[in-house]
Amino acid sequence: MMDPKDHTATERGKDLSHWADHAARRALGSIDDSGPSEITVAAGITPSGVIHVGNFREVITVDLVARALRDQGADVRFIYSWDDFDVFRKVPVGLPAPKMLEQNLRRSVADVPDPYDEHESYAVHFISQFEGSLVPLGIAPEFIRQSERYRAGVYAAGIRKALESREAIRQILNRHRTHPLPEDWLPLAGFCDACGQDEVDFCWPGDWKVEYRCRNCEHEASVDLREGGNIKLPWRVDWPMRWAHEQVIFEPGGKDHSSAGGSYDTGREIVSAVYHGKAPEYVAYDFVRIKGRGGKISSSQGDVVTVQDCLDVYEPEMLRWIFASQRPGSEFQISFDADVIKLYEDYDRARRLAHEAEDGSKADKKRRIARRTFELASVSPCRIEPGSPAPVVPPFRAISVVVQAYDGDLERTVSHFETLGEVHDETQRMLCRERAACCWRWVQNFAPDEFRYRIRKEAVVRTVEGDHRIVLQRLVEALKSLPDGSEADLVPHMKQLCEGTELTLKTFCPLAYDLLVERDHGPKLTTLLTTMGSERALPLLEPSLE
RNA sequence: GGGCGCGUAGCUCAAUUGGCAGAGCAAGGGACUCUUAAUCCCUAGGUUCAGGGUUCGAUUCCCUGCGCGCUCACCA
């Protein structure tokens, strides 16, 4: 724990004013001294199909709070529960082998075969996809698969306690239900050992023994809870049981869990009445919406946008920054359209602000907020010293022009910026390459047409006469006189191109764009010409003069 | 019916636990004898949905109303 009398600690304390810092303080305030020295924060979802960015909000929320807790001196255990012992209730659209999946409904998602035939099960397929996408983001929780826990009998005592308290649980749940649970209700759920389906009726003779009969295949069996098996608690009891089992002190939840009478509400009552525990500190997070993917949605995944889809367009730190900048309760959208440019500009600006030295003015507050947000957004934990140099990366917009001139060649794109003196060392080369890769994927898949161009592969011959011919001739001469000219060298020639003719650059340029990029406008002409180089430009311009 | 959230410039939104209402785009003007998908400077734009309360001070906290969205009352 941090010593509040320590001067630097209290100075530091003023900086810890991000929502994750406040949540961390609340969580620390909720524990008493008798608790374990290590504190547990938790996230978790059901892998019932492709895991999307909306689900990511849960993990990133906990990751940010975990980092905030560590910054306050806590020893943190971050667990991620894969609720893969849940029922496969619905076949998502767009998956392969829909008939096979249809036949596997009502079984545990951990027992449904992988329709892609790549992993041991349906659940594991989507689990490994999602876990893989967390690696570049620096998120590394301890993953727990509930199917394994239940089957190993880890929760035997928790289940037995629920059975012993079944009447209390029934009353708690009934207070929030329209149709009350029957008097003989048992807090049990599970799957038939024979057919794997969840159409099972339970009986509890007492102690550790549970018996069931399958309504589907009429299989009957008796299970000793201590040995584990296909028996679990229903969600509303399962959640509080695991809070107590893991001593979770912070866990967020989506809106569906968060309303009055929802599962957090009943869980809070159950954990206290049955397990003599305490509900974790909680934040409810809102949904993440998607903008600008119209017509580009991958048919194999329905309407779903994954974390990997976001990483295709956004740098890892930037994706973290986007979530760290939004308070959990507010709904926001992740954009794939022209907003991407604006967002990159906002991000670069905020990062410069985060690194600025303080000057005692009121702007310091904004600097502190930006700094703290970037400390939390950083892929690996870091402290930002005011006045320290900010990472240097060329603007996304500039990269979009250059990377298209080089047809997606990242190395040439990077060396272009090196030649311009905007990229200096290996770190900057790496950052530039990473951004160029994102940019190129964006241009190809999502950019609106007005941001895209393609240099002609073969020259087109236009009839060029009169003043247009004169000006084009001058442009060609200018390029020849500057075989490896920089943009600065070319600019003076541009100013003289139209002298003595009826044309202006505005009326001439469409011809040049047509010859070069097959449309009547494009990136700033001098940038385009010097980026593509005379050796590519001249063969496209000259044929129309012959 | 219960709960949560939202309502701020023409548009999209900030204001991070009460401290001079701000950005981007759009609009208008100017600069760089370099086209735009630019860059830089300036201007304008507001009863912060309405009404009340707490406070030295409210976009922020409390109450009421209106409008919008989501969610629970199945399962998870």
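Note that these values count all heavy atoms, side chains included, but never hydrogens, waters or copies made by symmetry. Convention: sequence-line order gives letters A, B, ...; per-chain numbering from 1. Just so it is clear, the structure is predicted and the values come from calculations on it, not from any experiment.
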Could you note down all residue pairs passing salt bridge (Lys or Arg N to Asp or Glu O under 4.0 Å) where [range] supplies at least one of them, sequence neighbours left out?
range: residues 57-69 of chain A; result: A/Asp63-A/Arg320
range: residues 262-271 of chain A; result: A/Arg175-A/Glu269
range: residues 82-93 of chain A; result: A/Asp83-A/Arg242, A/Asp84-A/Arg145, A/Asp86-A/Lys232

Contacts under 3.5 Å, N or O only, protein and nucleotides 15-17 of chain B:
| residue | atom | partner | partner atom | Å |
| --- | --- | --- | --- | --- |
| B/A15 | OP2 | A/Arg327 | NH2 | 3.1 |
| B/U16 | O2' | A/Ser17 | O | 2.3 |

Identity of whatever pairs with [N] - Watson-Crick or G-U, under 3.5 angstrom:
N: B/U60; result: none
N: B/G69; result: B/C4
N: B/U48; result: none
N: B/C40; result: B/G30
N: B/C25; result: B/G10
N: B/U55; result: none

In whole Å, what separates the [atom1] atom of [N] from that of [M]?
N: B/U48; M: B/G7; atom1: P; answer: 14 Å
N: B/C25; M: B/C20; atom1: C1'; answer: 26 Å
N: B/C41; M: B/G24; atom1: P; answer: 10 Å
N: B/G22; M: B/U16; atom1: C1'; answer: 15 Å
N: B/C42; M: B/C4; atom1: P; answer: 45 Å
N: B/A44; M: B/A9; atom1: C1'; answer: 10 Å
N: B/C75; M: B/U17; atom1: P; answer: 41 Å
N: B/U64; M: B/A26; atom1: P; answer: 43 Å

For RNA chain B, whose closest nucleotide is more 5', that of A/Asp339 or that of A/Lys342? A/Asp339
5'-most contact on RNA chain B (nearest-nucleotide basis), A/Arg349 vs A/Val401, goes to A/Arg349
Salt bridge (charged side-chain N to carboxylate O under 4.0 Å, His left out) partners for [X], two or more places apart:
X: A/Asp348; value: A/Arg351, A/Arg435
X: A/Arg474; value: none
X: A/Asp198; value: A/Arg106
X: A/Asp514; value: A/Arg456, A/Arg462

Report the relative orientation of the aromatic rings in A/Trp239 and A/His257; use parallel for angles under 30°, tilted for 30 to 60°, perpendicular for over 60°. tilted
Measure up the A/Phe323 and A/Phe56 rings against each other and bin them: parallel (under 30°), tilted (30 to 60°), perpendicular (over 60°). perpendicular
Given atom [atom1] of [X] and atom [atom2] of [N], what is their separation to the nearest angstrom?
X: A/Phe396; N: B/A38; atom1: CZ; atom2: C1'; result: 17 Å
X: A/Tyr285; N: B/G3; atom1: OH; atom2: P; result: 23 Å
X: A/Asp348; N: B/U39; atom1: CG; atom2: P; result: 13 Å
X: A/Gln404; N: B/U36; atom1: CD; atom2: C1'; result: 14 Å
X: A/Tyr264; N: B/G3; atom1: OH; atom2: P; result: 18 Å
X: A/Ile322; N: B/C13; atom1: CD1; atom2: C1'; result: 15 Å
X: A/Leu343; N: B/A23; atom1: CG; atom2: C1'; result: 13 Å

Less than 4.5 Å apart, any side-chain heavy atom of A/Trp235 and any of A/Ser263? yes
Determine whether the aromatic ring centres of A/Tyr344 and A/Trp442 lie less than 6.0 Å apart. no
In B/S/- notation (B base, S sugar-phosphate only, - none; protein heavy atoms under 4.0 Å), nucleotides 68-76 of chain B written 5' to 3' is -BBSSSSBB
Write out a two-atom table: protein N or O, nucleotide N or O from nucleotides 31-34 of chain B, distance below 3.5 Å.
| residue | atom | partner | partner atom | Å |
| --- | --- | --- | --- | --- |
| B/C34 | O2 | A/Lys524 | NZ | 3.0 |

Results of side-chain contact (heavy atoms from CB on, under 4.5 Å) for A/Ser259 - residues two or more places apart only: none
Can you sort out the partners of A/His18 under side-chain hydrogen bond (donor to acceptor under 3.5 Å, both in side chains), two or more places apart, ordered by chain and number? none
Have a look at A/Tyr453 and say if it touches a base, only the backbone sugar-phosphate, or nothing, with a 4.0 Å heavy-atom cut-off. base
